[in-house]
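All figures in this text were calculated on a predicted structure; none of them were measured in a lab.
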Amino acid sequence: MSFPLLTVTAALPAAGAILTAAVPAARRTAAKWLALLVSLGTLVLAALVAVRFEPGGERYQLTESHAWIADFGVRYELGVDGIGVALIALTALLIPFIVLAGWHDADPYETQTRRWRPTQGFFALILMVEAMVILSFAATDVFLFYILFEAMLIPMYFLIGGFGDRAHTGTDENAAAQRSYAAVKFLLYNLVGGLIMLAAVIGLYVVAGNFSLTEIAAARASGELEMATDTERLLFLGFFFAFAVKAPLWPLHTWLPNAMGEATAPVAVLITAVVDKVGTFAMLRFCLQLFPEASKWATPAIIVLALISIVYGALLAVGQRDIKRLVAYASISHFGFIIMGIFAMTSQGQSGATLYMVNHGISTAALMLVAGFLITRRGSRLIADYGGVQKVAPVLAGTFLVGGLATLSLPGLAPFVSEFLVLVGTFARYPVAGIVATSGIVLAALYTLVLYQRTMTGPVKEEVRAMPDLKARELVVVAPLIALLLVLGVYPKPLTEIVDPAVRHTMSDVQQKDPRPEVEAAK
């Protein structure tokens, strides 16, 4: 058997989580360095996965298959296509920055009442989430994917509820209650989605007789496995509902602003830039591949929901007074673009959606982490508490501006390429939807530039007059993300070469071809 590279890539952060949690309480700094080194080691392994992947080769590569629960046909099966490789690389790339950005977020502190914050547990939970997400992007057994899809909720629950943002306007008790509410809401929403998905997973096993994604898809393509129309649609809805909650898609999105608002900035990045990508990835891998006819049947309704997410999220972002909630609503709008691109059923749309997943992860990480540094200095998330920051902390303001411009998809920055492809791919098949979706671009410019104007420009407020600029550790976090936004903005070819073959396979699964442009023949 070949070297189990995918298993080792996920096992390293899982083992690192256990070791980090076992570090004595008095040696918090050692736990931080251990977590950072493990995350860097995982990044090296993820880079090796990308190097060993051959874009023109088999659809699923680096495959592994072992018996797990033989009586029920459950196997430990892994394999990656180009989309999985891109998202594994994104996950492994962001975790070291999340660890560095959260270096002091779990340090013990004392307020009106003594509060103990287990530093080791904070970093151990982050590494455990990384392990589960990487395995989710590689799982080709439906039951294995479901277990990981649900299990990652547990560490995320504790990261939101146990390590919330210190910047709040009320009492310590009120802040703890808000964190608890956000964590429980996150857990309940995703558990409900997961339970509905479990029913669909069981139904799929009853119909197909196994849980192997590749075997079921091959049987469907060859005609050996046929599903009744109503059965396929019900199973599709069961899977899609769970993924739409995770994504999050309107109207199942309401847990995200609470979770991102109450979590620390690094954990907010972990939520929206890493964990939520599992939902959109699963739409491509499972919904379209297992239920092609049902996917086409549901496409018009999903396009409408995606459009609502784009416009609704952007409108609410415009009216926000809280910096982190503004970024959360902006992310809802961006996920609308991703889902619209997936279900546009065009190669441009799906390539753009996959690139959007990667580029949104990088741009949101840059903006939210800089926002976190800003909030930590002032101790407030309210936009009105800032003003004139660019005069006292120009580097912080400059990086904040670049992150914001990436969020509004400025040409020359990475998100522009992906958003352009999504709009082109959508317009080719659904021109009205493509036109309506462009309003999201206008609104993105509005909420981003207004945010920058109100926080960074104007007279210097007395409370920010002594605000220090970015320190060395913070520059190490932000600078590589800004560089990536610039590089991928002008040269996205390395990503498109990996992603495009997987998109062609997905288009073949749903038996769709790109619509030909209607050009009047020359006389």
How many angstroms lie between atom [atom1] of [X] and atom [atom2] of [Y], to the nearest 0.5 angstrom?
X: S351; Y: D500; atom1: OG; atom2: CG; result: 4.0 Å
X: E224; Y: E215; atom1: CD; atom2: CD; result: 10.5 Å
X: L87; Y: T91; atom1: CG; atom2: OG1; result: 6.5 Å
X: L326; Y: T448; atom1: CG; atom2: OG1; result: 7.5 Å
X: L316; Y: W250; atom1: CG; atom2: CH2; result: 11.5 Å
X: I83; Y: H505; atom1: CD1; atom2: NE2; result: 10.0 Å

>> Counting neighbours of CZ on F416 that are heavy atoms of other residues, nucleotides or ligands and sit closer than 6.0 Å, is the number greater than 12?
In response: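 Above 12, so yes.
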
> Is the count of non-hydrogen atoms from other residues, nucleotides or ligands lying under 6.0 Å from Y205 atom OH greater than 12?
Replying inline: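 It does: Y205 OH has more than 12 such atoms within range.
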
> D509 pairs by salt bridge (Lys or Arg N to Asp or Glu O under 4.0 Å) with which of R504, R59, R285?
Replying inline: R59

Using distance alone, with no hydrogens and no angle criterion, decide if [X] and [Y] have a side-chain donor and acceptor under 3.5 Å apart.
X: Q320; Y: Y329; result: no
X: E77; Y: S212; result: yes
X: R429; Y: T346; result: no
X: T407; Y: Y447; result: no

Taking side chain as C-beta onward, heavy atoms only, is [X] less than 4.5 Å from [Y]?
X: I160; Y: K185; answer: no
X: Y312; Y: H253; answer: yes
X: L481; Y: L369; answer: yes
X: L421; Y: Y356; answer: no

Shortest non-hydrogen contact from [X] toward [Y]:
X: A365; Y: L94; result: CB-CD2, 3.9 Å
X: A92; Y: T42; result: CB-O, 4.1 Å
X: A273; Y: L90; result: O-CD2, 3.7 Å
X: A200; Y: L235; result: O-CD2, 3.4 Å
X: P415; Y: A406; result: CG-O, 3.2 Å

> What about the rings of F337 and H360, do their centers lie closer together than 6.0 Å?
Replying inline: no

>> In this structure, is the centre-to-centre distance between the rings of W255 and F186 below 6.0 Å?
In response: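 Judged by ring-centre distance (under 6.0 Å), F186 and W255 do meet the cut-off.
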
> Taking NZ, NE, NH1 and NH2 as the nitrogens, is one of them in E232 or R220 under 4.0 Å from a carboxylate oxygen of the other?
Replying inline: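 A salt bridge links E232 with R220.
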
> After noting the C-alpha distance and the side-chain angles of M260 and K324, does the key distance pass the side chain to side chain contact (heavy atoms under 4.5 Å, CB included) rule?
Replying inline: CA-CA 7 Å; M260 289 184 65; K324 291 168 71 177; 5.6 Å; no

Hey, can you tell me if [X] and [Y] have their rings parallel, tilted or perpendicular (30° and 60° cut-offs)?
X: F286; Y: F243; answer: tilted
X: F211; Y: F143; answer: tilted
X: F236; Y: F291; answer: perpendicular

> Looking at L307, I303, V304, T426, which one forms a side-chain contact (heavy atoms from CB on, under 4.5 Å) with V436?
Replying inline: L307

>> As a test of understanding, state which of D141, T7, T140 forms a side chain to side chain donor-acceptor pair (under 3.5 Å) with Y76.
In response: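 Going through the options one by one, the only one that passes is T7.
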
